[in-house]
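Everything below concerns the one structure shown next.
Only this structure's heavy atoms are used, side chains among them; waters, hydrogens and symmetry mates stay out. Each chain gets a letter, A, B and so on, in the order its sequence line appears, and its residues count up from 1. Remember, predicted model here, so these are calculated numbers, not experimental data.
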Protein chains: 2
Amino acid sequence: MEPVSANPSAPPPAHHVHALRRFNRYFTRRIGALDDHYLGQDRPLGEARLLFEIGGEGASLRELRSRLGLDAGYLSRMVRALETQGLVRVTVHPHDNRLRVAELTAAGRTEVTEQNRLADELAEGLLAGLGGRQRDELTAALGAAQRLLRLAAITVVRVDGASRDARDCLAAYAADIDARFPEGFDPAALVRPHEVSGDAGAFLVAYEEGRPVACGALRRLEPGVGEIRHVWVHPDARRLGLARRVLRGLEEHAGALGCTVVRLDTHAVLTEAQAMYRACGYTEIPRYDDNVYAAHWFEKRLPSAAKP
Amino acid sequence: MEPVSANPSAPPPAHHVHALRRFNRYFTRRIGALDDHYLGQDRPLGEARLLFEIGGEGASLRELRSRLGLDAGYLSRMVRALETQGLVRVTVHPHDNRLRVAELTAAGRTEVTEQNRLADELAEGLLAGLGGRQRDELTAALGAAQRLLRLAAITVVRVDGASRDARDCLAAYAADIDARFPEGFDPAALVRPHEVSGDAGAFLVAYEEGRPVACGALRRLEPGVGEIRHVWVHPDARRLGLARRVLRGLEEHAGALGCTVVRLDTHAVLTEAQAMYRACGYTEIPRYDDNVYAAHWFEKRLPSAAKP
DNA sequence: ATATTCCTTTGACTTTAGTCAAAGGAAAGT
DNA sequence: ACTTTCCTTTGACTAAAGTCAAAGGAATAT
């Protein structure tokens, strides 16, 4: 896996760094601390967090371990403690006897609900000091900040078209558009791994905290002409501007593979995608393939790789 | 001290509460955690935080205790530990032999600098994932959020005009405008405590985390006419919209004291203040007093207290 | 001057949080 | 079938964080 345009720009100017640190200091002191102390009520923080993380659906110990970053032994003991307190029930995983699954009992659920109520109350108390317009502003600012922080944490890397993550992404993509296209979607229309690997093309996957959240494929149509396909973003990661990042990465790879033009097609129902392609410099062209799902065809001339 | 328009509005809508909690969860997990772990490097977190809090200027143990919320005994031991490591020097307070003051030694300063460098690096790494425009957006969003969170934490209360905090605020106000008015300012022109206490008027102080950060006074000019004076905001708390809050509070008190009109004057150099008064519904009127510092006079007719 | 309040230190604990290694049962790869 | 890899449990610790109460010197209030 090689990172794609990892650092597109020079180191960030100091004032951004300071703004982030200032905010961090203020926020963790004012809010984070409060949250933790009040939530914990009568329970060690570790246990409170664990309960919260088990949540309504339950979770395997393995998952809890990775989500909370805990030592296996430590977690095992904590779960046992919660079990003897009657808050948690532990069973073996139905499909894999190595795994155990922790679920909340009724008492556990009550406690988590109470935790949530307290946290809500705390947040309400905080917001009570603001007027309606100011609350709107705050919510908007926090939303924007979170969006950008998430985006900053996502890395786009090139992977082999036959890799596990690539296949998973394509499967999710296929399921997604199958549900969206009125006529459904036949996975046979997906690119073959060899078309997007090695010198033939490229397959990019975006990772957020280790999980694939977006993908995009590039294959060669003819010498000098690449085709972008299967740009997909996980529902949880939409509206972050991730598709553009994947697109930019694919264009870079196209340039590196000697393409001067990239093309792509889209289905009639994917109107946001069409808008994005236009906004990214693509112009509509006549049909160039016989893709039965396509209704619009686009092309973009790549800036020739400038050498300094 | 009685709170002023403490809860001007109904409990905040759930979506604001959720937005705040969502952000809080994300932020503390992603950023806060990182920060702590990296900062601690080779040193327990408690000590690292303590070093940071002692900072360049040093601080009394008492202050450290309240800033960090630590047990006295625990703090005492931690400071001793840092002292034996040669990072901190402890001396008795020059004016109060009960107090000790902790200062950083050269070695301590080096370590804090290194801490800061690491934290900067971390922030840089985070920002590296964003483009220039996105960084600007992030900084703006964090700035707005912090401003609003601070504002939410500030409460405006009425205090006695002769109280310690009132006097401190007025002194700071006097020093402030003395530096700003070309002709200086004579503190004899300040209101007398009795003019702004009891039924005669009101004195409001805004507190942020226990410290006074703004004030404003109301006295009665003649029956039915109040005068607003000495609206002042601490330099650290400017640009939060605090002056407006104080002003609104004073207007409410004026209404409660039976005033239908409030007046105020401002100095020629305080142009932002003039703009604010206009934006808050004040209109310029002819000179109504003989205040030698005044160059503009304003008036606002108060909405008569509506009963439901 | 005397009582009271402050601030810090010390002793004696407890709880949380976390680490490391060994071991054993279960699934996956060959 | 056999090795390897996974996942969890247990034992044996350590370090950090925090609590409580007693005590003594310094300021303040009365």
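- Protein atom CG of A/D42 is 17 Å distant from nucleotide atom P of D/dG18, rounded to whole Å.
- In this structure, CG of A/L61 is placed 16 Å from P of C/dA26, rounded to the nearest angstrom.
- If you check D/dT9, D/dG18, C/dT10 against the side chain of B/S76, the one that comes closest is C/dT10.
- Nearest-nucleotide assignment on DNA chain C puts the 5′-proximal partner with A/L70, out of A/L70 and A/H95.
- Around CZ of A/R67, the count of heavy atoms belonging to other residues, nucleotides or ligands within 6.0 Å exceeds 12.
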Short N/O separations, protein against nucleotides 28-30 of chain D, under 3.5 angstrom:
none

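- No more than 12 heavy atoms of other residues, nucleotides or ligands lie within 6.0 Å of CZ in A/R62, so this atom counts as exposed by the packing criterion.
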Give each protein N/O atom lying under 3.5 Å from an N/O atom of nucleotides 12-15 of chain D, with the pair distance.
{"unit_1": "D/dA12", "atom_1": "N6", "unit_2": "A/R77", "atom_2": "NH2", "d": "3.2"}

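- The shortest distance between the side-chain N/O atoms of B/R80 and the OP1/OP2 oxygens of C/dT8 is not below 4.0 Å.
- For CZ of A/R238, the number of neighbouring non-hydrogen atoms (other residues, nucleotides, ligands) closer than 6.0 Å is greater than 12.
- Using cut-offs of 30° and 60° on the angle between ring planes, the pair B/Y173 and B/H230 is tilted.
- Using a cut-off of 4.0 Å between Lys/Arg side-chain N and Asp/Glu carboxylate O, B/R89 and B/E83 are scored as not salt-bridged.
- Rounding to whole angstrom units, CD of residue B/E63 and P of C/dC6 are separated by 17 Å.
- Side chain of A/S76 to backbone of A/A72: no donor-acceptor contact under 3.5 angstrom is found.
- Among the nucleotides D/dT9, D/dC7, C/dT9, the one closest to the side chain of A/R100 is D/dT9.
- The CZ atom of B/R65 sits 15 Å away from the P atom of D/dG18 (whole-angstrom rounding).
- Position along DNA chain C of the nearest nucleotide to A/E47 versus B/Y74 favours B/Y74 as the more 5'-ward residue.
- If you take NE2 of A/H93 and C1' of C/dA26, they are 13 Å apart, rounded to a whole angstrom.
- Helix-axis bend for the helix from C/dA1-D/dT30 to C/dT30-D/dA1: the local axis fitted to the five terminal pairs at one end deviates from that at the other end by 30°, rounded to 10°.
- A donor-acceptor contact shorter than 3.5 Å links the side chain of A/Q85 to the backbone of A/A81.
- Counting heavy-atom neighbours within 6.0 Å of B/R117 CZ, excluding the residue itself, gives a total above 12.
- Summarising the geometry, the separation between CG on B/L75 and P on D/dA16 is reported as 17 Å, rounded to the nearest angstrom.
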(message) Walk me through whether A/E195 and A/R229 qualify under salt bridge (Lys or Arg N to Asp or Glu O under 4.0 Å).
(response) CA-CA 11 Å; A/E195 296 179 278; A/R229 302 203 65 189; 5.9 Å; no

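- Within the 4.0 angstrom heavy-atom criterion, only backbone atoms of the sugar-phosphate kind lie near B/N97; the bases stay farther away.
- Environment of CZ in A/R150: crowded, with over 12 heavy atoms of neighbouring residues, nucleotides or ligands closer than 6.0 Å.
- For B/D199, the CG atom is loosely surrounded, since the number of other residues' heavy atoms within 6.0 Å does not exceed 12.
- Residue B/G46 is in sugar-phosphate contact alone, with no base atom involved, counting any heavy-atom pair closer than 4.0 Å across all strands shown.
- Rounded to whole angstrom, the span from the CZ atom of A/R164 across to the C1' atom of C/dG29 amounts to 15 Å.
- At distances below 3.5 Å, not a single donor-acceptor pair connects side-chain atoms of B/S60 with backbone N or O atoms of B/V101.
- For B/E83 and C/dT9, the CD to C1' distance is 12 Å, given to the nearest whole Å.
- Each of A/D71 and A/L99 lies near DNA chain D, and the nucleotide nearest A/L99 is the one positioned closer to the 5' end.
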